[in-house]
Structures are given as structure tokens and as C-alpha cells.
K.L.:
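This is the structure I have questions about; it appears just below.
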Amino acid sequence: MTEPLAVVGMGPIMCVVGARPNFMKMAPILRALANHVPPLPSLLVHTGQHYDQDMSGRLFTDLGLPIPDINLDVGSGSHAVQTAEVMRRFEPALDAHRPSCVVVVGDVNSTLACTLVAVKKGVPVAHVEAGLRSYDRQMPEEINRVVTDQIADRLYTTERSAEANLLAEGISAERVSFCGNVMIDSLLANRKSARSAADTLRLHDMDPAVIDHPRGYGVVTLHRPSNVDDPQTLSALLGVLGEVAKDLPLVFALHPRTRSNIEKLGLGHLIDPACLLLLPPQGYLEMLGLMSGATVVLTDSGGLQEETTALGVPCLTLRSNTERPITIEQGTNTLVGTDRQAILQGVAEILSGRGKRGRVPELWDGHAADRIASDLWRWLRPSVEDR
Ligand code: UD1
């Protein structure tokens with residue numbers, strides 16, 4: 001019998017979330033830590049990078065996440081301000097709770113900020129979803145990934161290409177463990193509870209008959225600064241989506257950044273509400289239902305590229321690169337960039353039945369978080385026994 005860490009006098013595993021795409025990654029990890037034998041004590045920190053009900057509160061409920069033990073309430077700001085504010089507020093939390101290690105996920109500003117604080121205080125850090133690279137340093141997330149991976153101690157990868165990226169950056173293979181995809185753990189655990197697309201539309205007083213179309217419907221999300229901050233790119237993209245929507249009704253879940261730019265730039269006239277249905281940011285179960293029933297997903301999100309691959313739904317990624325190449329090589333994803341012709345052609349192929357079917361990648365099997373919990377225990381155990 002092995003005693004729980006808490007009993008042997010070791011601090012909790014401090015799990016950090018900050019922004020929307022972190023929540024579905026951390027939920028299965030927290031569960032796996034609790035179900036591990038012995039149970040591994042955890043503490044949930046929410047930096048507050050995303051803070052409102054649509055971007056945060058609802059997802060906590062949908063995913064069964066516990067109320068955070070610590071909320072840093074940082075809110076929005078420039079990259080420098082947001083990162084600095086997370087660092088400033090995270091340090092006293094670390095001092096107060098003396099964790100055995102910090103677990104960070106993904107590539108948002110909170111991931112980088114908490115990693116920096118912890119490693120400089122000598123607290124070990126494990127990074128989940130390590131090694132993904134778009135090789136595009138214009139993306140703020142790419143900077144967050146590269147720096148986090150360089151300084152974190154333990155690196156959990158979702159696909160084999162990630163380990164190769166890390167080794168090419170001089171990181172030793174001993175620090176890396178291929179555990180699979182925790183985001184897909186959440187997807188598989190919640191698939192049966194997903195809300196149907198028709199119910200989601202009804203909830204927003206929209207007529208579900210719109211998506212009851214012979215070709216089905218498409219789902220759109222856009223939030224990358226490169227797509228939605230530049231007026232010309234955003235108006236061109238809305239124009240193409242309008243063209244697509246004439247053949248295939250589209251449901252567009254609007255990120256607050258995108259909504260605010262559409263309003264600020266006066267681009268609302270490009271949206272025909274009869275076939276391009278605008279929704280607020282969706283809860284996890286709503287988004288899962290919308291994607292599961294879709295003919296195609298058009299997106300610039302990293303998470304949706306993976307989720308559509310797991311669901312077997314064709315995905316057109318409105319970017320010129322991806323840090324998740326397995327979704328292209330094995331999954332249902334195609335990069336179409338922001339070029340009108342490429343987008344229209346991608347949609348036409350899918351509508352004519354020539355869309356990618358794909359297969360589910362290795363270890364995207366619903367048990368990634370269990371493997372991470374076991375590895376964390378193997379990793380931390382020697383320091384417990386040293387005491
Ligand atoms: C962040 C992440 C990005 C991730 C995305 C998912 C970084 C660098 N970026 O980008 O990797 O894909 O989250 O959404 O960490 N806002 C709200 N409510 C909120 C939070 C934000 O209305 O709860 C608005 C604010 O106006 C804010 C804007 O959204 O200025 C952008 O939020 P921010 O966290 O800065 O970046 P995201 O674009 O969401």
C-alpha cells in the first residue's frame with residue numbers, strides 16, 4: 001500500500017487554468033488525479049484570463065470542474081500586462097500552498113506566466129500538450145509554447161511530431177512522455193450529453209428549420225488576431241462565409257474579440273441572418289452537439305481541428321499553418337488559409353462527398369489523463385520517498 005502524497009507530507013499538485021481552451025484539458029486531469037491509486041491531491045487555480053459566464057463559468061458547469069481553490073481575477077489586457085499580472089498574482093499563491101508541482105496546459109498567456117513563476121522558485125512544472133509548433137512566431141501562442149517547453153520539467157505530448165519538435169530544440173527525450181490527448185478525453189466523456197444543434201438554436205430563439213437543409217449545415221468559429229483584427233482580412237472572410245452560406249447554412253459562434261471587431265468596423269451588413277446564424281460563445285455541450293452534426297467546420301481554432309478529427313467531421317482550417325499536423329495527415333483537417341477560392345473549393349469538395357474521412361490518431365482514446373496521472377506519480381514519488 002502506498003500512502004497518498006498528502007499523508008506523506010507533500011504538497012498538492014497545483015493545476016492551472018486561465019482561458020477557455022484550458023478548461024476541457026484540465027477537467028479529465030483533475031479527475032484522473034483523484035481516481036489515481038493512491039489519490040493525488042490537487043488544487044485548482046483559475047487565473048481569470050477568461051472571466052465571463054460565456055467564456056468561463058458555463059464551461060466549468062458543463063465539464064463538471066470544481067470551483068477553483070484560487071482565483072487570480074486578472075481579466076483582459078495587453079499580452080505584457082496580462083502575463084505580468086498573472087505572474088504577480090500567482091507568486092503568493094505558490095508561496096502559500098507549497099505544491100509538489102504545477103501542471104499547466106496548452107499555450108495561452110496564463111500557461112507561460114505560471115510556468116515562469118514556478119520554475120524560478122524551484123517548483124517543478126509539467127506541461128500538458130507540449131511540443132506543438134506552427135513555426136509561426138507571429139502567433140502569440142507559438143511564443144508561449146516555445147518558452148514553456150524550454151523551461152518546464154516534464155512534457156506531455158499529444159502526437160508523435162511534438163516529441164520530434166522538442167528534440168530538435170535540444171530538449172532531452174527523458175523529459176518527454178507521449179500520453180495522448182486530454183481534450184479528446186473530455187470529448188469522449190461528454191459526447192452522450194451533447195446538446196443537439198436544433199435545441200441550441202431554439203435556446204437562442206432561432207428556427208431550427210434553417211439547418212434542416214438537404215446539405216446539412218456548417219459551423220464557424222474565428223478568433224485569431226491574424227484573421228479578425230485586420231479589417232481587410234475580416235471583411236474578406238465574412239464575404240466568403242456569406243457566399244458559402246448561400247449553399248450551406250452556417251452557424252457562427254462568435255468569440256467576443258470577433259463580435260467586437262465586427263461592430264467596431266461596421267461589418268454587420270456582410271452577414272445575412274437568414275443563412276449565417278450568429279450565436280454567442282457556446283457552452284461545451286452545445287459546441288460538441290453543433291460540431292457532431294455538422295457537414296463541415298470552418299475554423300481557426302486549434303482545439304476544433306482536433307475535436308473534428310476525433311468526431312470524423314471534415315474541418316477546413318482558415319490558417320496557412322497548423323501546430324497539429326496529425327489532424328491533416330490522419331484526421332479530417334485541411335488547411336485552406338484565407339484565400340476565397342481555396343475556401344470555396346474546400347467546401348465544394350466536402351459537399352460533393354469528397355471530404356476527408358480520416359481516422360482517430362494514436363492514444364486519442366479517452367485515457368490520456370490517466371496516463372498523465374500515473375506518470376506524475378512515478379515522477380514525484382522519488383521526492384516523496386526522499387523525505
Ligand atoms: C486567448 C488565447 C488563445 C485562445 C483563446 C480562446 C492567449 C495569447 N490567447 O485568446 O490562445 O485560443 O484565448 O478564446 O492567451 N473577453 C471577454 N470575456 C472573457 C475574456 C475575454 O469578453 O471572458 C474579450 C475581451 O475583450 C478581450 C478579448 O476577448 O480583450 C480577448 O481575450 P484574450 O484573453 O486577450 O485573448 P483571446 O483572443 O481570447
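Side chains included, hydrogens not; waters and symmetry mates left out as well; all remaining heavy atoms used. Starting from 1, each residue takes its place in the sequence as its number. Whatever order the structure lists them in is the order used to number ligands and atoms, beginning at 1.
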K.L.:
What do you reckon, does S56 put a non-hydrogen atom under 4.0 Å from ligand 1?
P.N.:
no
K.L.:
Provide the number and element of each atom of ligand 1 under 4.0 Å from a heavy atom of H223.
P.N.:
4 (C), 5 (C), 6 (C), 12 (O)
K.L.:
Could E286 and R195 be called an ion pair, given the rule that one side-chain N must be under 4.0 Å from one carboxylate O?
P.N.:
yes
K.L.:
Among protein heavy atoms, which lies nearest atom 7 (C) of ligand 1, and at what distance?
P.N.:
Q49 NE2, 3.6 Å
K.L.:
Heavy-atom contacts with H79 under 4.0 Å: which atoms of ligand 1 show up? List them by number with element.
P.N.:
8 (C)
K.L.:
Any Lys/Arg nitrogen of R224 or E141 sitting under 4.0 Å from an Asp/Glu carboxylate oxygen of the other?
P.N.:
yes
K.L.:
Write out the residue and atom name of the closest protein heavy atom to atom 22 (O) of ligand 1, then the distance separating them to 0.1 Å.
P.N.:
P256 CB, 3.3 Å
K.L.:
May I ask you to identify the nearest protein heavy atom to atom 3 (C) of ligand 1, giving residue, atom name and distance to one decimal place in Å?
P.N.:
E141 OE2, 3.1 Å
K.L.:
Just to be sure I read this right, does ligand 1 sit under 4.0 Å from the backbone of P21, its side chain, both, or neither, counting only heavy atoms?
P.N.:
side chain
K.L.:
Just checking F60 against H46, ring centres under 6.0 Å apart?
P.N.:
yes
K.L.:
Write out the residue and atom name of the closest protein heavy atom to atom 2 (C) of ligand 1, then the distance separating them to 0.1 Å.
P.N.:
V108 CG1, 3.8 Å
K.L.:
Students should be able to answer this: which protein heavy-atom is nearest to atom 25 (C) of ligand 1, and at what distance?
P.N.:
S76 OG, 3.5 Å
K.L.:
Does E362 pair with R160 as a salt bridge, N-O distance under 4.0 Å?
P.N.:
yes
K.L.:
Run the numbers for me: atoms of ligand 1, each under 4.0 Å from some heavy atom of M55, listed by number.
P.N.:
14 (O), 18 (N), 19 (C), 23 (O)
K.L.:
We want to know whether N144 and D107 form a side-chain donor-acceptor pair, criterion being a heavy-atom distance below 3.5 angstrom.
P.N.:
no
K.L.:
On a heavy-atom basis, which atom in T322 and which in I328 lie closest, and how many Å separate them?
P.N.:
CG2-CD1, 3.6 Å
K.L.:
If you have a sec, work out which protein heavy atom is nearest atom 34 (O) of ligand 1 and how many Å separate them, to one decimal?
P.N.:
H50 NE2, 3.2 Å
K.L.:
Enumerate the atoms of ligand 1 whose separation from the nearest heavy atom of D52 is less than 4.0 angstrom.
P.N.:
17 (C), 18 (N), 19 (C), 22 (O), 23 (O)
K.L.:
Which heavy atom of the protein is the closest neighbour of atom 28 (C) of ligand 1, given with residue, atom name and distance?
P.N.:
R257 CB, 4.4 Å
K.L.:
Flag N144 as yes when one of its N or O atoms lies below 3.5 Å from any N or O atom of ligand 1, and as no otherwise.
P.N.:
no
K.L.:
Under 4.5 Å between side-chain heavy atoms, chaining through other members, with only Ile, Leu, Val, Met, Phe, Trp and Tyr counted: pull out the rest of the cluster around I171, sorted by chain and number.
P.N.:
L155, L166, V176
K.L.:
For residues N333 and T317, is any side-chain donor paired with an opposing acceptor at under 3.5 Å?
P.N.:
yes
K.L.:
Less than 4.0 Å between a side-chain N and a carboxylate O, is that true for E129 and R324?
P.N.:
yes
K.L.:
Looking only at heavy atoms, what is the nearest atom pair of K246 and C275, with distance?
P.N.:
N-SG, 4.5 Å
K.L.:
Considering only protein heavy atoms, which is closest to atom 16 (N) of ligand 1, and at what distance to one decimal place?
P.N.:
Y51 OH, 3.5 Å
